Engineer: 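Can you keep this structure in mind? I'll have questions shortly.
Just so you know, residue 1 is the first one in the sequence shown, and it goes up from there. All of these numbers come straight from a predicted model, not from anything done at the bench. Computed from heavy atoms alone, side chains included, the values below leave out hydrogens, waters and symmetry copies.
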Amino acid sequence: MKKAGLYIHIPFCKTKCIYCDFYSITERENQIPEFTNAILKEIDSYKFYKNEWKFNTLFFGGGTPSLLPVKYLEKIFKKLDDTFDISSLEEVTLEANPGEISFEYLKDIRKLGINRLSLGFQSFNDKILKQLGRLHNAKDCFETFDNARKAGFENINSDMIFNIPKLSVKEWIRDLNKLLVINPDHISAYSLTVEPGTHLFKMVKKQQILMPTEKIDIEQFIITNELLTKKGYKHYEISNYSKFEMECKHNMNYWELSPYLSFGPSSHSYDLKKRWWNVRSLKKYINYLDKGALPIEGYETLSIKDNFNEIIMNGLRLSNGIKLSDLQNYNNFIDQNKIDKVIKKWDCLDIENNNIRIKNNGFLFVDEITKDLFF
């Protein structure tokens with residue numbers, strides 16, 4: 001039976017970070033009970049998928065999922081258990097912000113079955129954190145991490161951001177060294193991108209803030225790779241590093257194009273044939289479900305060409321690359337001649353153990369390489 005993932009989108013936040021383009025809302029926590037009831041109704045609407053796949057991951061993302069009181073998380077768990085077979089869950093992740101999650105809460109969610117925590121550190125520089133719109137400080141990062149370990153979490157991810165205005169290369173190295181001292185099991189290190197619709201986008205457009213040069217962005221990426229791999233972390237995806245066998249299984253489901261069901265406003269689902277997404281509004285989401293309708297805003301049926309391009313796009317993100325066997329059904333779109341031509345153009349692309357993969361610092365050129373292989 002094919003493995004699959006489950007995702008729950010919790011949109012509530014205490015504040016909106018300047019760079020965030022995920023659907024999130026502030027000062028609406030009074031609607032948590034109403035939101036939870038809507039989630040339960042939506043989950044129940046998908047019970048026909050119960051015996052379709054083997055669900056091996058569950059991810060609570062947001063927003064800030066840790067704002068959801070334990071009793072509501074418990075209701076969601078119970079509904080998932082009643083609706084699907086979740087006995088095969090290996091990894092259950094919850095995203096949380098440092099300084100916003102108590103030791104008691106951490107103990108309670110660990111007992112509930114959440115076995116992986118993703119902490120949004122982003123930086124250990126208080127000025128940078130304030131600039132990004134984060135509410136926590138560096139001290140909160142270390143205290144929350146320590147509490148999570150004491151609460152029994154043996155799988156902790158830390159999110160970090162580089163390419164931030166006024167973040168020097170030297171300061172980024174200092175951040176990474178501080179992170180390595182606490183020894184997380186997984187590290188996500190992202191380059192700050194300016195997404196349309198975000199407050200950061202508006203600030204950059206008005207020239208209120210100046211983004212770093214491409215040279216600094218590249219230098220910080222290369223330093224991240226060198227420093228973390230030297231300390232035993234596997235660079236298994238463009239922005240992700242893990243200790244041995246601690247890769248994020250949920251994200252691997254996405255990148256390996258396994259099916260997934262997602263619930264909550266703005267969430268996306270995929271059943272191997274089509275992809276659909278929910279409305280990006282809590283009010284509309286609740287109204288749809290109150291009327292007995294699914295809160296779907298749109299969907300797309302994937303063509304053979306779409307499937308091929310997604311194998312290329314997602315596969316090249318991974319250090320293991322793309323299995324040549326996965327391309328056997330797409331002879332109309334690619335052949336050995338095309339592969340040889342692209343490999344000749346890009347010396348960071350190689351075939352090894354029947355996989356097409358990017359090596360060295362080739363991840364810096366992944367978008368261009370992907371376009372060359374697209375049909």
Engineer: Taking all non-hydrogen atoms of both residues into account, name the closest pair between His250 and Glu91 and its distance.
Structural biologist: N-OE2, 2.9 Å
Engineer: Salt bridge check, Lys274 against Asp306: does any charged N sit closer than 4.0 Å to a carboxylate O?
Structural biologist: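 Looking at Asp306 and Lys274, the cut-off is not met.
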Engineer: About how many Å separate CD of Glu256 and CG of Asn314, when rounded to the nearest 0.5 Å?
Structural biologist: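 Rounded to the nearest 0.5 Å, the CG-CD separation comes out at 10.0 Å.
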Engineer: Does the side chain of Pro165 come within less than 4.5 Å of Met211's, by heavy atoms?
Structural biologist: yes
Engineer: Does a side-chain heavy-atom distance below 4.5 Å link Phe162 with Asp217?
Structural biologist: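 The answer is yes; the side chains approach within 4.5 Å.
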Engineer: Mark yes when over 12 heavy atoms from residues, nucleotides or ligands other than Gln207 sit less than 6.0 Å from its CD; otherwise mark no.
Structural biologist: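 It does not: Gln207 CD has 12 such atoms or fewer within range.
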Engineer: Using 30° and 60° as the class limits, which term best fits the ring planes of His235 and Tyr241: parallel, tilted or perpendicular?
Structural biologist: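 His235 vs Tyr241 ring planes: parallel.
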Engineer: Is any NZ, NE, NH1 or NH2 atom of the basic residue among Lys78 and Asp82 found under 4.0 Å from an Asp or Glu carboxylate oxygen of the other?
Structural biologist: yes
Engineer: Please find the pair of heavy atoms, one from Phe333 and one from Lys338, that lie closest to each other, and give the distance.
Structural biologist: O-NZ, 3.5 Å
Engineer: Is Tyr46 reachable from Tyr288 through a run of I, L, V, M, F, W or Y residues, each pair having side-chain heavy atoms under 4.5 Å apart?
Structural biologist: yes
Engineer: I need the Ile238 CD1 to Ser191 OG distance, nearest 0.5 Å.
Structural biologist: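 Here the rounded value is 11.0 Å.
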Engineer: Could you tell me how the ring of Trp276 sits relative to the ring of Tyr49: parallel (under 30°), tilted (30 to 60°) or perpendicular (over 60°)?
Structural biologist: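 Geometry flag for Tyr49 against Trp276: parallel rings.
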Engineer: Does Leu58 belong to the same Ile/Leu/Val/Met/Phe/Trp/Tyr cluster as Met1, with side-chain heavy atoms less than 4.5 Å apart forming each link?
Structural biologist: no
Engineer: Is it possible for you to say whether Phe22 and Val279 belong to one hydrophobic cluster, with membership spreading through side-chain heavy-atom contacts below 4.5 Å?
Structural biologist: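 Each belongs to a different hydrophobic cluster.
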Engineer: Could you tell me whether the side chain of Leu272 reaches within less than 4.5 Å of the side chain of Asn307, counting heavy atoms only?
Structural biologist: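 Sidechains of Leu272 and Asn307: no contact.
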Engineer: Does the side chain of Asn155 come within less than 4.5 Å of Asn115's, by heavy atoms?
Structural biologist: no
Engineer: Are Pro295 and Lys284 close enough that some pair of their side-chain heavy atoms sits under 4.5 Å apart?
Structural biologist: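 They are not in contact (no side-chain heavy atoms under 4.5 Å apart), so the answer is no.
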Engineer: Does atom CD (Gln208) have a neighbourhood of more than 12 heavy atoms from anything else shown, all under 6.0 Å?
Structural biologist: yes
Engineer: Can you tell me if Glu154 has over 12 outside heavy atoms packed within less than 6.0 Å of its CD?
Structural biologist: no
Engineer: In Å and rounded to the nearest 0.5 Å, what is the CD to CG distance from Gln336 to Leu327?
Structural biologist: 10.5 Å
Engineer: Under 4.5 Å between side-chain heavy atoms, hopping through other hydrophobics if needed: is there a path connecting Phe263 to Trp277?
Structural biologist: no
Engineer: Among side-chain atoms of Tyr254 and His268, is any donor-acceptor pair under 3.5 angstrom?
Structural biologist: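 No, no side-chain donor-acceptor contact under 3.5 Å.
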Engineer: Kindly determine whether Phe375 and Phe308 satisfy ring-ring contact (aromatic ring centres under 6.0 Å, His included), including the steps that lead there.
Structural biologist: CA-CA 8 Å; Phe375 182 80; Phe308 169 77; 7.1 Å; no
Engineer: Are Asp290 and Lys41 side-chain neighbours, meaning at least one heavy-atom pair lies under 4.5 Å?
Structural biologist: yes
Engineer: List the steps, then state whether side-chain hydrogen bond (donor to acceptor under 3.5 Å, both in side chains) holds for Ser87 with Asp85.
Structural biologist: CA-CA 6 Å; Ser87 61; Asp85 179 4; 2.6 Å; yes
Engineer: Flag the pair Arg280 and Glu297 as a salt bridge only when some basic side-chain nitrogen lies within less than 4.0 angstrom of an acidic carboxylate oxygen.
Structural biologist: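 Looking at Glu297 together with Arg280, the answer is no, because their closest N to O distance does not fall below 4.0 Å.
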Engineer: Examine Leu167 and Leu129 and state if one hydrophobic cluster contains both, with Ile, Leu, Val, Met, Phe, Trp and Tyr joined whenever side-chain heavy atoms are less than 4.5 Å apart.
Structural biologist: no
Engineer: Rounded to the nearest 0.5 Å, what separates atom CG in Asp21 from atom NE2 in His199?
Structural biologist: 15.0 Å
Engineer: Would you find a donor on one side and an acceptor on the other, under 3.5 Å apart, between the side chain of Arg134 and the backbone of Gly120?
Structural biologist: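 Yes; at least one donor-acceptor contact below 3.5 Å.
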Engineer: Would you call Glu104-Lys107 a salt bridge at under 4.0 Å N-O?
Structural biologist: yes
Engineer: Do you know the tightest heavy-atom contact between Val92 and Ile114?
Structural biologist: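 The answer is O-CG2, 3.5 Å.
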Engineer: Measure the CD1-CG distance between Ile286 and Asn37 for me, rounded to the nearest 0.5 Å.
Structural biologist: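 Between atom CD1 of Ile286 and atom CG of Asn37 there are 9.0 Å.
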Engineer: Using 4.0 Å as the upper bound for N to carboxylate O, is an ion pair formed by Glu310 and Arg275?
Structural biologist: yes
Engineer: Ion pair present between Asp146 and Lys150, side-chain N to carboxylate O less than 4.0 angstrom?
Structural biologist: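 Lys150 and Asp146: salt-bridged.
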Engineer: What distance do Phe103 atom CZ and Asp108 atom CG have between them, rounded to the nearest 0.5 Å?
Structural biologist: 10.0 Å
Engineer: Is Lys234 salt-bridged to Glu247, cutoff N-O under 4.0 Å?
Structural biologist: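 Yes, this pair counts.
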